[in-house]
Amino acid sequence: MVAQNIAFGVLAAATSLAAIRVVTTRNVVHAALYLVVVLASVGALYILLTAEFVAAVQILVYVGAIVVLLLFGVMLTKATLGEDDQLDNDQRWLGAVIALFLLGTLSFVLVDAFGDDKLPSLEGVSRATLEAQRGSGAVGDAIFSTFLVPFEVVSVLLLAALVGAIVLARRD
Amino acid sequence: MGDPLQGGDPIFIGGIDFGVVALVVLKVLIGFTFVMVGVIFMIWFERKLIADMQNRIGPNRAGKWGLLQTLADGIKLIFKEDLMPNKADRLVFRLAPYLTVAPAFLTFTIVPIGGLFGTGENGTIEVFGYRTFVQVADPPIGVLFLLAMSSVAVYGVMLAGWSSGSKYPLLGSVRASAQMVSYEAALGLSVVAVVLLTGSLSTHDIVSAQSGGFADWNIWRTGVVPFLVFCIAATAELNRPPFDLVEAEQELVGGFHTEYSSMRFGMFYLAEFMNTITMSAIIVTLFLGGPDGPSLFGPDIIWPTIWFMGKLFIFLFTFVWLRATLPRFRYDQLMDLGWKRLIPLSLAWLLVIGAIRIADDEGWNVALVIGISLASCVVGALALVGASRAGRIRRRAEEALR
(Lines give C-alpha, C1' and ligand atoms only; values in the text may rest on other atoms or scores of the structure.)
Protein backbone atom coordinates (compact mmCIF):
# COMPACT_ATOMS: atom_id res chain seq x y z
CA MET A 1 0.00 0.00 0.00
CA VAL A 2 3.01 2.29 0.47
CA ALA A 3 3.52 2.68 -3.27
CA GLN A 4 -0.12 3.64 -3.77
CA ASN A 5 0.06 6.21 -0.99
CA ILE A 6 3.17 7.81 -2.43
CA ALA A 7 1.61 7.86 -5.90
CA PHE A 8 -1.54 9.43 -4.45
CA GLY A 9 0.52 12.11 -2.69
CA VAL A 10 2.43 13.00 -5.86
CA LEU A 11 -0.72 13.09 -7.97
CA ALA A 12 -2.67 15.10 -5.41
CA ALA A 13 0.15 17.64 -5.17
CA ALA A 14 0.39 17.89 -8.97
CA THR A 15 -3.38 18.32 -9.28
CA SER A 16 -3.56 21.04 -6.64
CA LEU A 17 -0.55 22.99 -7.93
CA ALA A 18 -1.78 22.84 -11.52
CA ALA A 19 -5.29 23.82 -10.39
CA ILE A 20 -3.91 26.90 -8.65
CA ARG A 21 -1.89 27.79 -11.76
CA VAL A 22 -5.05 27.51 -13.91
CA VAL A 23 -6.56 30.48 -12.12
CA THR A 24 -3.38 32.47 -11.45
CA THR A 25 -1.60 32.35 -14.81
CA ARG A 26 -2.10 35.37 -17.05
CA ASN A 27 -1.83 33.45 -20.32
CA VAL A 28 -5.10 31.88 -21.40
CA VAL A 29 -3.49 29.05 -23.39
CA HIS A 30 -1.24 28.21 -20.44
CA ALA A 31 -4.34 28.11 -18.27
CA ALA A 32 -5.86 25.54 -20.63
CA LEU A 33 -2.65 23.49 -20.52
CA TYR A 34 -2.61 23.52 -16.71
CA LEU A 35 -6.22 22.38 -16.89
CA VAL A 36 -5.00 19.43 -18.97
CA VAL A 37 -2.54 18.56 -16.18
CA VAL A 38 -5.36 18.73 -13.61
CA LEU A 39 -7.71 16.53 -15.64
CA ALA A 40 -5.00 14.02 -16.55
CA SER A 41 -3.91 13.71 -12.90
CA VAL A 42 -7.51 13.06 -11.91
CA GLY A 43 -7.49 10.33 -14.59
CA ALA A 44 -4.35 8.89 -12.99
CA LEU A 45 -6.12 8.91 -9.60
CA TYR A 46 -8.90 6.80 -11.16
CA ILE A 47 -6.25 4.31 -12.30
CA LEU A 48 -4.96 4.15 -8.70
CA LEU A 49 -8.51 3.17 -7.71
CA THR A 50 -8.41 0.42 -10.42
CA ALA A 51 -11.17 2.19 -12.33
CA GLU A 52 -9.41 1.97 -15.71
CA PHE A 53 -12.56 2.50 -17.72
CA VAL A 54 -13.41 5.77 -16.00
CA ALA A 55 -9.77 6.85 -16.33
CA ALA A 56 -9.73 6.17 -20.09
CA VAL A 57 -13.03 8.02 -20.55
CA GLN A 58 -11.70 10.90 -18.46
CA ILE A 59 -8.68 11.26 -20.79
CA LEU A 60 -10.77 10.70 -23.91
CA VAL A 61 -13.53 13.18 -23.07
CA TYR A 62 -11.92 15.87 -20.92
CA VAL A 63 -8.33 15.95 -22.17
CA GLY A 64 -9.04 14.80 -25.72
CA ALA A 65 -12.20 16.70 -26.50
CA ILE A 66 -13.24 19.41 -24.05
CA VAL A 67 -9.92 21.19 -23.58
CA VAL A 68 -9.16 20.78 -27.29
CA LEU A 69 -12.44 22.59 -28.05
CA LEU A 70 -11.55 25.22 -25.49
CA LEU A 71 -8.17 25.76 -27.16
CA PHE A 72 -9.90 25.92 -30.54
CA GLY A 73 -12.14 28.65 -29.24
CA VAL A 74 -9.18 30.60 -27.88
CA MET A 75 -7.06 30.18 -31.02
CA LEU A 76 -9.80 31.06 -33.48
CA THR A 77 -10.93 34.14 -31.57
CA LYS A 78 -7.96 35.80 -29.88
CA ALA A 79 -4.79 33.78 -29.96
CA THR A 80 -2.71 36.35 -28.15
CA LEU A 81 0.75 35.07 -27.42
CA GLY A 82 2.14 36.04 -24.04
CA GLU A 83 0.39 37.60 -21.08
CA ASP A 84 -2.95 39.28 -21.03
CA ASP A 85 -3.91 41.58 -18.16
CA GLN A 86 -7.58 41.46 -19.06
CA LEU A 87 -7.90 37.86 -17.88
CA ASP A 88 -8.67 38.84 -14.32
CA ASN A 89 -11.55 40.93 -13.03
CA ASP A 90 -13.22 42.03 -9.80
CA GLN A 91 -15.49 39.02 -9.60
CA ARG A 92 -12.65 36.80 -8.37
CA TRP A 93 -13.75 37.16 -4.74
CA LEU A 94 -17.24 35.98 -5.63
CA GLY A 95 -15.62 33.08 -7.46
CA ALA A 96 -13.49 32.23 -4.43
CA VAL A 97 -16.55 32.21 -2.15
CA ILE A 98 -18.43 29.90 -4.51
CA ALA A 99 -15.41 27.61 -4.82
CA LEU A 100 -15.09 27.38 -1.03
CA PHE A 101 -18.80 26.66 -0.72
CA LEU A 102 -18.49 23.88 -3.31
CA LEU A 103 -15.46 22.43 -1.50
CA GLY A 104 -17.40 22.42 1.77
CA THR A 105 -20.46 20.78 0.22
CA LEU A 106 -18.49 18.07 -1.56
CA SER A 107 -16.35 17.30 1.50
CA PHE A 108 -19.46 17.05 3.66
CA VAL A 109 -21.18 14.74 1.16
CA LEU A 110 -18.13 12.47 0.91
CA VAL A 111 -17.53 12.28 4.66
CA ASP A 112 -21.24 11.82 5.34
CA ALA A 113 -21.60 9.04 2.79
CA PHE A 114 -18.41 7.06 3.43
CA GLY A 115 -17.12 8.09 6.85
CA ASP A 116 -14.47 5.62 7.95
CA ASP A 117 -15.21 3.03 5.23
CA LYS A 118 -12.13 1.39 3.71
CA LEU A 119 -11.78 0.06 0.18
CA PRO A 120 -11.59 -3.76 0.17
CA SER A 121 -8.06 -5.04 -0.32
CA LEU A 122 -7.28 -6.28 -3.84
CA GLU A 123 -4.71 -8.80 -2.58
CA GLY A 124 -5.14 -12.06 -4.51
CA VAL A 125 -8.19 -10.91 -6.49
CA SER A 126 -7.88 -12.06 -10.11
CA ARG A 127 -8.28 -9.71 -13.03
CA ALA A 128 -11.34 -11.60 -14.28
CA THR A 129 -13.15 -11.02 -10.98
CA LEU A 130 -12.11 -7.38 -10.96
CA GLU A 131 -13.35 -6.96 -14.52
CA ALA A 132 -16.69 -8.57 -13.66
CA GLN A 133 -17.11 -6.33 -10.61
CA ARG A 134 -15.97 -2.96 -11.91
CA GLY A 135 -14.78 -3.35 -15.51
CA SER A 136 -16.28 -1.65 -18.53
CA GLY A 137 -18.99 -4.32 -18.72
CA ALA A 138 -20.11 -3.60 -15.17
CA VAL A 139 -20.13 0.15 -15.83
CA GLY A 140 -22.20 -0.37 -18.98
CA ASP A 141 -24.70 -2.59 -17.16
CA ALA A 142 -25.07 -0.02 -14.39
CA ILE A 143 -25.64 2.83 -16.85
CA PHE A 144 -28.29 0.95 -18.81
CA SER A 145 -30.17 -0.43 -15.81
CA THR A 146 -29.82 1.45 -12.50
CA PHE A 147 -28.91 4.82 -13.98
CA LEU A 148 -30.95 4.62 -17.18
CA VAL A 149 -33.09 7.70 -16.51
CA PRO A 150 -30.19 10.05 -15.63
CA PHE A 151 -28.33 8.74 -18.66
CA GLU A 152 -31.21 9.50 -20.99
CA VAL A 153 -31.74 12.92 -19.43
CA VAL A 154 -28.08 13.77 -20.00
CA SER A 155 -28.35 12.58 -23.62
CA VAL A 156 -31.36 14.84 -24.25
CA LEU A 157 -29.52 17.73 -22.57
CA LEU A 158 -26.50 17.22 -24.82
CA LEU A 159 -28.74 17.01 -27.89
CA ALA A 160 -30.41 20.28 -26.88
CA ALA A 161 -26.97 21.89 -26.47
CA LEU A 162 -25.99 20.60 -29.92
CA VAL A 163 -29.11 21.99 -31.59
CA GLY A 164 -28.68 25.25 -29.66
CA ALA A 165 -25.09 25.59 -30.85
CA ILE A 166 -26.14 25.15 -34.48
CA VAL A 167 -28.97 27.67 -34.10
CA LEU A 168 -26.60 30.22 -32.54
CA ALA A 169 -23.88 29.65 -35.13
CA ARG A 170 -26.15 29.98 -38.18
CA ARG A 171 -25.50 33.04 -40.26
CA ASP A 172 -29.01 34.48 -40.47
CA MET B 1 0.06 -21.42 -18.58
CA GLY B 2 -2.57 -19.86 -16.42
CA ASP B 3 -6.29 -20.29 -16.41
CA PRO B 4 -7.70 -18.54 -19.51
CA LEU B 5 -10.45 -17.05 -17.35
CA GLN B 6 -7.82 -15.40 -15.20
CA GLY B 7 -7.35 -12.70 -17.83
CA GLY B 8 -4.46 -10.34 -18.14
CA ASP B 9 -0.79 -10.99 -18.59
CA PRO B 10 0.21 -14.22 -16.75
CA ILE B 11 3.52 -12.61 -15.80
CA PHE B 12 1.77 -10.74 -12.97
CA ILE B 13 -0.07 -13.70 -11.49
CA GLY B 14 2.74 -14.85 -9.22
CA GLY B 15 3.16 -11.39 -7.69
CA ILE B 16 5.71 -8.79 -8.68
CA ASP B 17 9.39 -9.49 -7.96
CA PHE B 18 12.62 -8.16 -9.41
CA GLY B 19 12.54 -10.53 -12.39
CA VAL B 20 9.06 -9.37 -13.42
CA VAL B 21 10.06 -5.71 -13.30
CA ALA B 22 13.24 -6.42 -15.28
CA LEU B 23 11.27 -8.35 -17.89
CA VAL B 24 8.70 -5.57 -18.28
CA VAL B 25 11.50 -3.02 -18.72
CA LEU B 26 13.08 -5.34 -21.29
CA LYS B 27 9.75 -5.56 -23.15
CA VAL B 28 9.48 -1.77 -23.23
CA LEU B 29 13.02 -1.53 -24.60
CA ILE B 30 12.32 -4.15 -27.26
CA GLY B 31 9.10 -2.41 -28.25
CA PHE B 32 10.83 0.96 -28.49
CA THR B 33 13.69 -0.49 -30.54
CA PHE B 34 11.21 -2.24 -32.81
CA VAL B 35 9.42 1.04 -33.53
CA MET B 36 12.60 3.11 -33.90
CA VAL B 37 14.29 0.66 -36.27
CA GLY B 38 10.96 0.39 -38.10
CA VAL B 39 10.87 4.17 -38.48
CA ILE B 40 14.42 4.33 -39.81
CA PHE B 41 13.68 1.78 -42.50
CA MET B 42 10.20 3.14 -43.16
CA ILE B 43 11.62 6.57 -44.05
CA TRP B 44 14.14 4.96 -46.38
CA PHE B 45 11.48 2.64 -47.83
CA GLU B 46 9.04 5.49 -48.47
CA ARG B 47 11.64 7.62 -50.25
CA LYS B 48 12.96 4.73 -52.29
CA LEU B 49 9.55 3.39 -53.28
CA ILE B 50 8.20 6.81 -54.27
CA ALA B 51 11.35 7.35 -56.30
CA ASP B 52 10.74 4.05 -58.07
CA MET B 53 7.11 4.88 -58.73
CA GLN B 54 8.10 8.28 -60.10
CA ASN B 55 10.89 6.81 -62.23
CA ARG B 56 13.68 8.43 -60.19
CA ILE B 57 16.61 6.81 -58.41
CA GLY B 58 16.06 8.09 -54.86
CA PRO B 59 18.59 7.86 -52.03
CA ASN B 60 21.53 5.74 -53.15
CA ARG B 61 24.67 7.25 -51.61
CA ALA B 62 24.71 6.30 -47.92
CA GLY B 63 25.23 2.56 -47.62
CA LYS B 64 24.01 -0.19 -49.94
CA TRP B 65 20.88 1.05 -51.84
CA GLY B 66 20.95 4.15 -49.63
CA LEU B 67 19.89 2.11 -46.59
CA LEU B 68 21.78 4.37 -44.19
CA GLN B 69 20.25 7.56 -45.61
CA THR B 70 17.98 8.08 -42.59
CA LEU B 71 20.88 7.76 -40.16
CA ALA B 72 22.84 10.32 -42.18
CA ASP B 73 19.83 12.67 -42.14
CA GLY B 74 19.41 12.18 -38.42
CA ILE B 75 23.03 13.06 -37.68
CA LYS B 76 22.73 16.10 -39.93
CA LEU B 77 19.57 17.25 -38.13
CA ILE B 78 21.18 16.92 -34.71
CA PHE B 79 24.10 19.15 -35.72
CA LYS B 80 21.93 21.84 -37.32
CA GLU B 81 21.30 25.09 -35.50
CA ASP B 82 18.17 25.04 -33.39
CA LEU B 83 16.19 28.16 -34.22
CA MET B 84 13.47 29.61 -32.04
CA PRO B 85 11.29 32.43 -33.35
CA ASN B 86 11.45 35.62 -31.33
CA LYS B 87 7.72 35.66 -30.74
CA ALA B 88 7.49 32.00 -29.79
CA ASP B 89 6.08 30.82 -26.48
CA ARG B 90 9.30 29.17 -25.36
CA LEU B 91 8.05 26.51 -22.98
CA VAL B 92 5.21 25.29 -25.19
CA PHE B 93 7.41 25.48 -28.29
CA ARG B 94 9.86 23.07 -26.63
CA LEU B 95 7.12 20.83 -25.24
CA ALA B 96 5.14 20.28 -28.45
CA PRO B 97 7.50 17.82 -30.27
CA TYR B 98 7.53 15.51 -27.23
CA LEU B 99 3.74 15.61 -27.02
CA THR B 100 3.67 14.36 -30.60
CA VAL B 101 6.16 11.52 -30.18
CA ALA B 102 4.93 10.10 -26.86
CA PRO B 103 1.38 9.06 -27.92
CA ALA B 104 2.76 7.51 -31.11
CA PHE B 105 4.91 5.13 -29.12
CA LEU B 106 2.45 4.58 -26.27
CA THR B 107 -0.19 3.33 -28.71
CA PHE B 108 2.22 0.71 -30.00
CA THR B 109 2.54 -0.84 -26.53
CA ILE B 110 -0.90 -2.45 -26.76
CA VAL B 111 -0.18 -4.27 -30.03
CA PRO B 112 0.51 -8.02 -29.74
CA ILE B 113 3.38 -8.69 -32.13
CA GLY B 114 3.69 -12.44 -31.73
CA GLY B 115 2.71 -15.51 -29.74
CA LEU B 116 0.62 -18.51 -30.77
CA PHE B 117 -3.08 -17.82 -30.29
CA GLY B 118 -5.85 -20.38 -30.35
CA THR B 119 -3.67 -23.05 -28.74
CA GLY B 120 -3.14 -23.87 -25.08
CA GLU B 121 -0.45 -21.20 -24.98
CA ASN B 122 -3.04 -18.47 -25.62
CA GLY B 123 -0.60 -16.00 -27.11
CA THR B 124 2.07 -16.36 -24.45
CA ILE B 125 5.75 -17.20 -24.72
CA GLU B 126 8.16 -18.33 -22.05
CA VAL B 127 11.12 -16.02 -21.35
CA PHE B 128 13.59 -16.68 -18.50
CA GLY B 129 11.06 -18.91 -16.78
CA TYR B 130 8.24 -16.37 -16.95
CA ARG B 131 5.15 -16.73 -19.14
CA THR B 132 4.13 -13.50 -20.76
CA PHE B 133 2.21 -11.94 -23.64
CA VAL B 134 4.21 -10.74 -26.64
CA GLN B 135 3.03 -7.15 -26.16
CA VAL B 136 4.32 -4.48 -23.83
CA ALA B 137 1.03 -4.02 -21.98
CA ASP B 138 -2.47 -5.47 -22.11
CA PRO B 139 -4.71 -2.99 -20.30
CA PRO B 140 -8.32 -4.21 -19.91
CA ILE B 141 -9.39 -1.03 -21.69
CA GLY B 142 -7.00 -1.57 -24.64
CA VAL B 143 -9.07 -0.06 -27.45
CA LEU B 144 -10.15 2.93 -25.35
CA PHE B 145 -6.46 3.53 -24.65
CA LEU B 146 -5.89 3.65 -28.40
CA LEU B 147 -8.65 6.24 -28.84
CA ALA B 148 -7.47 8.27 -25.84
CA MET B 149 -3.92 8.38 -27.20
CA SER B 150 -5.07 9.41 -30.67
CA SER B 151 -7.03 12.27 -29.12
CA VAL B 152 -4.05 13.33 -26.98
CA ALA B 153 -1.90 13.39 -30.14
CA VAL B 154 -3.87 16.46 -31.29
CA TYR B 155 -2.12 18.56 -28.63
CA GLY B 156 1.34 18.24 -30.19
CA VAL B 157 0.12 19.55 -33.53
CA MET B 158 -2.09 22.24 -32.07
CA LEU B 159 0.46 23.65 -29.63
CA ALA B 160 3.32 23.49 -32.15
CA GLY B 161 1.38 25.74 -34.48
CA TRP B 162 0.18 28.14 -31.81
CA SER B 163 3.48 28.49 -29.96
CA SER B 164 5.40 29.36 -33.13
CA GLY B 165 3.87 32.83 -32.95
CA SER B 166 3.38 33.05 -36.69
CA LYS B 167 0.30 32.98 -38.92
CA TYR B 168 0.91 30.07 -41.29
CA PRO B 169 1.77 27.52 -38.61
CA LEU B 170 -1.31 28.61 -36.64
CA LEU B 171 -3.57 28.15 -39.68
CA GLY B 172 -1.89 24.82 -40.42
CA SER B 173 -2.33 23.56 -36.90
CA VAL B 174 -5.97 24.63 -36.64
CA ARG B 175 -6.62 22.84 -39.90
CA ALA B 176 -4.74 19.73 -38.81
CA SER B 177 -6.38 19.48 -35.43
CA ALA B 178 -9.86 20.07 -36.89
CA GLN B 179 -9.18 17.22 -39.28
CA MET B 180 -7.91 14.91 -36.53
CA VAL B 181 -10.84 15.69 -34.22
CA SER B 182 -13.40 15.10 -37.00
CA TYR B 183 -11.99 11.78 -38.09
CA GLU B 184 -11.62 10.50 -34.54
CA ALA B 185 -15.39 10.04 -34.46
CA ALA B 186 -15.39 7.78 -37.52
CA LEU B 187 -12.35 5.95 -36.17
CA GLY B 188 -14.05 5.27 -32.84
CA LEU B 189 -17.36 4.21 -34.38
CA SER B 190 -15.70 1.67 -36.67
CA VAL B 191 -13.76 0.20 -33.75
CA VAL B 192 -17.00 -0.27 -31.81
CA ALA B 193 -18.07 -2.90 -34.37
CA VAL B 194 -15.00 -4.96 -33.49
CA VAL B 195 -15.55 -4.50 -29.75
CA LEU B 196 -19.22 -5.50 -30.13
CA LEU B 197 -18.28 -8.78 -31.79
CA THR B 198 -15.44 -9.60 -29.40
CA GLY B 199 -17.17 -8.52 -26.20
CA SER B 200 -13.90 -7.17 -24.83
CA LEU B 201 -11.80 -4.01 -25.09
CA SER B 202 -8.47 -5.75 -24.56
CA THR B 203 -6.34 -6.11 -27.69
CA HIS B 204 -5.18 -9.52 -26.53
CA ASP B 205 -8.78 -10.77 -26.36
CA ILE B 206 -9.56 -9.21 -29.74
CA VAL B 207 -6.66 -11.10 -31.36
CA SER B 208 -7.59 -14.23 -29.42
CA ALA B 209 -11.14 -14.13 -30.81
CA GLN B 210 -9.77 -14.06 -34.36
CA SER B 211 -7.45 -17.01 -33.96
CA GLY B 212 -9.67 -19.58 -35.72
CA GLY B 213 -8.03 -18.97 -39.08
CA PHE B 214 -8.63 -16.76 -42.11
CA ALA B 215 -12.44 -16.86 -41.97
CA ASP B 216 -12.49 -15.73 -38.33
CA TRP B 217 -10.71 -12.46 -38.94
CA ASN B 218 -12.71 -9.40 -37.94
CA ILE B 219 -12.50 -7.94 -41.42
CA TRP B 220 -14.94 -10.67 -42.57
CA ARG B 221 -16.92 -11.00 -39.35
CA THR B 222 -17.69 -7.27 -39.26
CA GLY B 223 -18.51 -7.27 -42.96
CA VAL B 224 -15.58 -5.28 -44.44
CA VAL B 225 -17.30 -1.86 -44.05
CA PRO B 226 -15.83 -1.00 -40.61
CA PHE B 227 -12.41 -2.06 -41.93
CA LEU B 228 -12.66 0.34 -44.87
CA VAL B 229 -13.98 3.17 -42.68
CA PHE B 230 -11.17 2.56 -40.19
CA CYS B 231 -8.52 2.59 -42.92
CA ILE B 232 -9.81 5.87 -44.40
CA ALA B 233 -10.18 7.49 -40.97
CA ALA B 234 -6.73 6.25 -39.96
CA THR B 235 -5.16 7.79 -43.07
CA ALA B 236 -6.85 11.10 -42.25
CA GLU B 237 -5.85 10.81 -38.60
CA LEU B 238 -2.24 10.32 -39.68
CA ASN B 239 -2.44 13.41 -41.92
CA ARG B 240 -1.07 11.32 -44.76
CA PRO B 241 -1.91 11.77 -48.44
CA PRO B 242 -4.55 12.07 -49.84
CA PHE B 243 -5.51 13.84 -46.60
CA ASP B 244 -2.27 15.77 -46.02
CA LEU B 245 -3.88 19.21 -46.02
CA VAL B 246 -1.67 19.99 -43.08
CA GLU B 247 1.31 20.22 -45.38
CA ALA B 248 -0.30 21.89 -48.36
CA GLU B 249 2.81 23.85 -49.35
CA GLN B 250 0.98 26.08 -51.82
CA GLU B 251 -1.37 27.32 -49.12
CA LEU B 252 0.45 26.99 -45.83
CA VAL B 253 4.21 27.06 -46.48
CA GLY B 254 5.13 24.01 -44.36
CA GLY B 255 2.13 23.54 -42.09
CA PHE B 256 2.28 23.54 -38.31
CA HIS B 257 6.02 22.82 -38.14
CA THR B 258 7.15 25.66 -40.43
CA GLU B 259 9.13 27.36 -37.64
CA TYR B 260 10.77 24.20 -36.36
CA SER B 261 14.30 23.27 -37.29
CA SER B 262 17.03 20.89 -36.25
CA MET B 263 16.09 17.89 -34.11
CA ARG B 264 12.82 19.48 -32.97
CA PHE B 265 11.68 19.23 -36.57
CA GLY B 266 13.23 15.78 -36.67
CA MET B 267 10.93 14.70 -33.87
CA PHE B 268 7.82 15.71 -35.80
CA TYR B 269 9.17 13.82 -38.78
CA LEU B 270 9.87 10.80 -36.58
CA ALA B 271 6.43 10.95 -34.98
CA GLU B 272 4.75 11.03 -38.38
CA PHE B 273 6.37 7.76 -39.43
CA MET B 274 6.01 6.25 -35.98
CA ASN B 275 2.28 6.97 -36.18
CA THR B 276 2.11 5.35 -39.61
CA ILE B 277 3.69 2.16 -38.29
CA THR B 278 1.54 2.16 -35.15
CA MET B 279 -1.69 2.72 -37.07
CA SER B 280 -0.84 -0.07 -39.53
CA ALA B 281 -0.12 -2.36 -36.58
CA ILE B 282 -3.46 -1.41 -35.02
CA ILE B 283 -5.33 -2.16 -38.26
CA VAL B 284 -3.62 -5.56 -38.43
CA THR B 285 -4.50 -6.24 -34.78
CA LEU B 286 -8.13 -5.18 -34.95
CA PHE B 287 -9.15 -6.54 -38.33
CA LEU B 288 -6.59 -8.97 -39.72
CA GLY B 289 -6.03 -11.33 -36.82
CA GLY B 290 -2.77 -9.76 -35.63
CA PRO B 291 -0.11 -12.45 -35.51
CA ASP B 292 -2.55 -15.15 -36.67
CA GLY B 293 -1.40 -17.43 -39.49
CA PRO B 294 -0.32 -21.01 -40.18
CA SER B 295 3.10 -22.29 -39.13
CA LEU B 296 4.84 -23.55 -42.24
CA PHE B 297 8.18 -25.08 -41.20
CA GLY B 298 10.75 -24.77 -38.45
CA PRO B 299 9.86 -23.74 -34.89
CA ASP B 300 6.24 -22.63 -34.42
CA ILE B 301 7.15 -19.72 -32.21
CA ILE B 302 8.66 -17.51 -34.93
CA TRP B 303 5.73 -17.74 -37.37
CA PRO B 304 3.24 -15.42 -35.61
CA THR B 305 5.81 -12.62 -35.62
CA ILE B 306 6.59 -13.27 -39.30
CA TRP B 307 2.89 -13.17 -40.19
CA PHE B 308 2.44 -9.97 -38.19
CA MET B 309 5.37 -8.31 -39.96
CA GLY B 310 4.07 -9.46 -43.34
CA LYS B 311 0.63 -7.96 -42.76
CA LEU B 312 2.17 -4.79 -41.33
CA PHE B 313 4.33 -4.48 -44.45
CA ILE B 314 1.30 -4.67 -46.75
CA PHE B 315 -0.22 -1.64 -45.02
CA LEU B 316 3.02 0.32 -44.96
CA PHE B 317 3.40 -0.34 -48.68
CA THR B 318 -0.20 0.77 -49.29
CA PHE B 319 0.32 4.02 -47.38
CA VAL B 320 3.37 4.84 -49.54
CA TRP B 321 1.50 3.78 -52.66
CA LEU B 322 -1.41 6.10 -51.80
CA ARG B 323 1.03 8.96 -51.29
CA ALA B 324 2.67 8.35 -54.65
CA THR B 325 -0.54 8.13 -56.65
CA LEU B 326 -3.39 10.17 -55.16
CA PRO B 327 -3.84 13.95 -55.38
CA ARG B 328 -4.77 15.89 -52.26
CA PHE B 329 -8.39 16.39 -51.17
CA ARG B 330 -9.88 19.86 -50.98
CA TYR B 331 -10.67 20.94 -47.40
CA ASP B 332 -14.47 20.99 -47.81
CA GLN B 333 -14.34 17.58 -49.52
CA LEU B 334 -12.38 16.25 -46.56
CA MET B 335 -14.96 17.49 -44.06
CA ASP B 336 -17.84 16.26 -46.25
CA LEU B 337 -16.33 12.78 -46.43
CA GLY B 338 -15.77 12.64 -42.68
CA TRP B 339 -19.01 14.06 -41.34
CA LYS B 340 -21.56 13.29 -44.06
CA ARG B 341 -20.34 9.93 -45.34
CA LEU B 342 -18.10 8.01 -42.93
CA ILE B 343 -19.86 8.81 -39.64
CA PRO B 344 -23.41 7.99 -40.86
CA LEU B 345 -22.09 4.90 -42.64
CA SER B 346 -20.33 3.51 -39.60
CA LEU B 347 -23.31 4.37 -37.36
CA ALA B 348 -25.67 2.51 -39.70
CA TRP B 349 -23.34 -0.46 -39.92
CA LEU B 350 -23.08 -0.54 -36.14
CA LEU B 351 -26.89 -0.68 -35.98
CA VAL B 352 -26.97 -3.65 -38.36
CA ILE B 353 -24.27 -5.53 -36.44
CA GLY B 354 -26.03 -4.82 -33.13
CA ALA B 355 -29.34 -6.08 -34.59
CA ILE B 356 -27.68 -9.28 -35.81
CA ARG B 357 -26.08 -9.79 -32.41
CA ILE B 358 -29.43 -9.46 -30.61
CA ALA B 359 -31.21 -11.66 -33.17
CA ASP B 360 -28.55 -14.30 -32.54
CA ASP B 361 -29.00 -14.13 -28.77
CA GLU B 362 -32.80 -14.19 -28.83
CA GLY B 363 -33.14 -16.80 -31.59
CA TRP B 364 -35.01 -14.54 -34.01
CA ASN B 365 -34.99 -15.01 -37.77
CA VAL B 366 -31.57 -13.58 -38.65
CA ALA B 367 -32.26 -13.06 -42.37
CA LEU B 368 -35.43 -11.07 -41.58
CA VAL B 369 -33.59 -8.95 -38.99
CA ILE B 370 -30.81 -8.18 -41.46
CA GLY B 371 -33.39 -7.28 -44.10
CA ILE B 372 -35.30 -4.93 -41.79
CA SER B 373 -32.18 -3.21 -40.45
CA LEU B 374 -30.70 -2.74 -43.92
CA ALA B 375 -34.04 -1.36 -45.12
CA SER B 376 -34.17 1.13 -42.24
CA CYS B 377 -30.56 2.13 -43.03
CA VAL B 378 -31.55 2.80 -46.66
CA VAL B 379 -34.55 4.87 -45.49
CA GLY B 380 -32.26 6.80 -43.14
CA ALA B 381 -29.72 7.42 -45.89
CA LEU B 382 -32.43 8.67 -48.25
CA ALA B 383 -33.77 10.97 -45.53
CA LEU B 384 -30.26 12.32 -44.94
CA VAL B 385 -29.63 12.93 -48.64
CA GLY B 386 -33.07 14.54 -49.00
CA ALA B 387 -32.51 16.80 -46.00
CA SER B 388 -29.10 17.94 -47.19
CA ARG B 389 -30.46 18.61 -50.70
CA ALA B 390 -33.46 20.55 -49.34
CA GLY B 391 -31.10 22.56 -47.14
CA ARG B 392 -28.89 23.38 -50.10
CA ILE B 393 -31.84 24.49 -52.24
CA ARG B 394 -33.12 26.70 -49.44
CA ARG B 395 -29.70 28.24 -48.90
CA ARG B 396 -29.47 29.03 -52.61
CA ALA B 397 -32.94 30.61 -52.55
CA GLU B 398 -31.99 32.74 -49.53
CA GLU B 399 -28.77 33.86 -51.20
CA ALA B 400 -30.68 34.77 -54.37
CA LEU B 401 -33.06 36.94 -52.34
CA ARG B 402 -30.23 38.84 -50.73
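Atoms considered below: every heavy atom in the structure, side chains included; atoms not considered: hydrogens, waters and symmetry mates. Sequence lines set the chain letters: A, B, ... in the order given, protein chains first and strands last, and positions in each chain run from 1.
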As an exercise: rank B:Leu201, B:Leu91, B:Val181, B:Val174 by heavy-atom pairs under 4.5 Å with chain A and give me the winner. B:Val174
Nearest non-hydrogen partners of A:His30 and B:Asp89, listed with the distance: NE2-OD2, 2.9 Å
B:Ser177, part contacting chain A, at a heavy-atom distance under 4.5 Å: both
Is it the case that atom CZ in A:Phe8 sees more than 12 heavy atoms from other parts of the structure closer than 6.0 Å? no
Closest heavy-atom pair and its distance - B:Ala148, A:Ala56: CB-O, 4.3 Å
B:Ala153 versus chain A, the contacting section by heavy-atom distance below 4.5 Å: neither
Which atoms of A:Val67 come close to chain B, meaning under 4.5 Å heavy atom to heavy atom: side chain ones, backbone ones, both, or neither? both
For a 4.5 angstrom cut-off between non-hydrogen side-chain atoms, does A:Val29 reach B:Val92? no
Mark yes when over 12 heavy atoms from residues, nucleotides or ligands other than B:Arg396 sit less than 6.0 Å from its CZ; otherwise mark no. no
Atom group of B:Pro140 that falls short of 4.5 Å from chain A, counting heavy atoms: both
Among A:Ile59, A:Val63, A:Leu69, which residue forms the greatest number of heavy-atom pairs with chain B at distances under 4.5 Å? A:Val63
Exceeds 12 heavy-atom contacts within 6.0 angstrom, atom CZ of A:Phe72: yes
